[in-house]
Amino acid sequence: MSLPTLLKKYFPLYLKGMAMGAADVVPGVSGGTIAFISGIYQELIDSIHQINFGLWKVWKQDGLAACWKQANGNFLFFLVAGIATSILSLAKLITYLLHHHAVLLWSFFFGLILASIWMIYQQTNRWKWQEMLAFLASTFFAFYLTILEPTTSPDSYGFIFLSGFIAIIAMILPGISGAFILLLLGSYEVIIGSLGSLTPLIKAQDWEGLAVVISKLAVFGIGAIIGLKAFSGVLHWMFAHYKNITLVVLTGFMVGSLNKIWPWKQVISTRINSKGEEVPFLEKSILPNHYEGDPQIFGAILCILIGFLAIFMLEKLAKQMPKSA
């Protein structure tokens with residue numbers, strides 16, 4: 001396959017990776033949700049599950065090309081490239097929107113999740129008492145996570161490794177935000193701050209500071225890789241043997257997470273971030289008429305509708321996109 005043909009075929013996948021990366025840096029939105037609504041979730045889980053020591057045997061016997069194909073290398077490469085591009089380039093934009101247009105941004109995300117819940121529900125079969133119990137339990141669990149009070153920010157290497165291990169599991173689960181899990185653990189600012197300091201440290205030629213930052217990100221990445229591989233096997237097995245109840249649980253996760261992305265919040269307490277700025281620490285959902293400031297109800301409703309419709313457009317594009325190879 002020629003390079004132009006390869007790029008044309010996989011560019012939509014690259015864009016989906018960018019959407020996943022953008023979602024993963026926002027506390028409250030899951031990259032797994034984006035993967036699910038864009039039609040690549042199960043292929044992602046299956047592809048990660050395929051990465052094991054058996055690939056080394058295929059490489060030795062049949063060569064690199066056969067190994068790459070069995071690992072679904074093109075799919076993973078373009079998806080990961082999109083995620084990395086987004087995390088490194090769009091994090092500042094999303095941070096800006098969260099600071100200056102929070103109600104409208106959260107409204108857009110709220111519309112995304114509402115439509116996603118409907119689409120996942122449509123894929124489930126008839127609900128029995130087991131499904132209802134699983135739905136209620138997963139909804140309560142996800143809701144409970146949204147009201148937990150975040151901890152302070154430990155930055156020891158052992159804790160950073162554990163944070164990567166736990167957060168990546170949340171990142172691939174629709175409805176549970178890996179960034180929010182990092183916030184709960186107290187590691188969010190350590191990781192986001194490390195990512196944001198890479199370019200300034202390089203420009204300042206502060207190689208000692210850069211080495212510290214890279215070491216932290218490397219430890220986090222190792223934890224994430226191990227957690228991703230371990231949990232992808234569980235998800236692969238769940239989809240293979242209990243697909244319906246797995247979809248029901250994922251639906252519950254997303255319903256419970258709606259509290260976190262409700263556009264109108266009341267700040268209960270604040271904290272000082274690494275830049276010396278006062279930012280919200282603990283918030284609770286309130287009705288628009290109780291919101292301090294302009295609730296932007298018309299704009300919020302419009303953004304919810306745009307987010308809702310965007311999901312169906314993504315689904316349509318996903319169906320038209322050729323299967324990866």
Side-chain angles (χ1 to χ4, degrees), residues 16-38 40-52 71-72 75-88 90-91 94 138 141-142 145-146 148 150-151 153-195 213-239 246 249-250 253-254 257 260:
K16 292 176 184 180
M18 288 191 67
M20 287 179 64
D24 277 329
V25 299
V26 179
V29 184
S30 167
T33 299
I34 303 299
F36 205 104
I37 63 182
S38 60
I40 61 172
Y41 187 76
Q42 189 156 357
E43 183 174 3
L44 173 61
I45 298 302
D46 293 344
S47 298
I48 296 171
H49 182 69
Q50 280 290 105
I51 300 176
N52 52 44
N72 205 3
F75 172 87
L76 291 174
F77 174 80
F78 283 96
L79 188 68
V80 171
I83 293 172
T85 301
S86 189
I87 289 176
L88 294 175
L90 296 184
I94 292 176
S138 57
F141 177 71
L145 287 179
T146 68
L148 285 176
T151 64
S153 184
D155 57 0
S156 68
Y157 285 102
F159 199 85
I160 289 174
F161 174 87
L162 181 64
S163 298
F165 185 91
I166 296 175
I168 198 66
I169 292 174
M171 286 177 182
I172 61 172
L173 278 176
I176 298 183
S177 165
F180 181 62
I181 295 299
L182 287 178
L183 197 63
L184 291 176
L185 293 171
S187 304
Y188 181 75
E189 192 150 340
V190 173
I191 303 305
I192 295 299
S194 296
L195 288 168
V213 167
I214 290 177
S215 66
K216 288 182 179 180
L217 292 176
V219 170
F220 180 83
I222 292 170
I225 291 171
I226 295 174
L228 183 63
K229 178 56 184 171
F231 195 67
S232 67
V234 175
L235 279 178
H236 177 83
W237 183 85
M238 289 291 291
F239 269 105
T246 301
V249 168
L250 295 180
F253 283 154
M254 298 179 74
S257 73
K260 179 61 184 176

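Below, all heavy atoms of this structure are taken into account, side chains as well, without hydrogens, waters or symmetry copies.
Between Met20 and Leu44, the closest side-chain pair of non-hydrogen atoms falls below 4.5 Å. With contacts defined as side-chain heavy-atom distances shorter than 4.5 Å, the pair Ile40/Phe75 qualifies.
Shown here for Ser86 and Gly21, the closest heavy-atom pair between the two residues is OG-C, 3.6 Å. Heavy-atom minimum distance, Lys229 versus Ile48: NZ-O, 3.2 Å. The minimum heavy-atom distance between Gly227 and Ile169, with the atom names listed, is O-CG1, 4.0 Å.
For Ser47 (side chain) and Glu43 (main-chain N/O), a donor-acceptor pair under 3.5 Å exists by modelled atom type. Although no hydrogens or angles enter the test, the distance criterion places no donor-acceptor pair under 3.5 Å between the side chain of Lys16 and the main chain of Ala35.
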- Decide side-chain contact (heavy atoms from CB on, under 4.5 Å) for Asn72 and Asp46; before the verdict, give the C-alpha distance in whole Å, the side-chain angles of both, and the deciding distance to 0.1 Å. CA-CA 9 Å; Asn72 205 3; Asp46 293 344; over 6 Å; no
- Item | Check against side-chain contact (heavy atoms from CB on, under 4.5 Å), Ile168 and Phe231 | CA-CA 9 Å; Ile168 198 66; Phe231 195 67; over 6 Å; no
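Taking CD1 of Ile166 as the start and CZ of Phe159 as the end, the distance is 7.0 Å to the nearest 0.5 Å.
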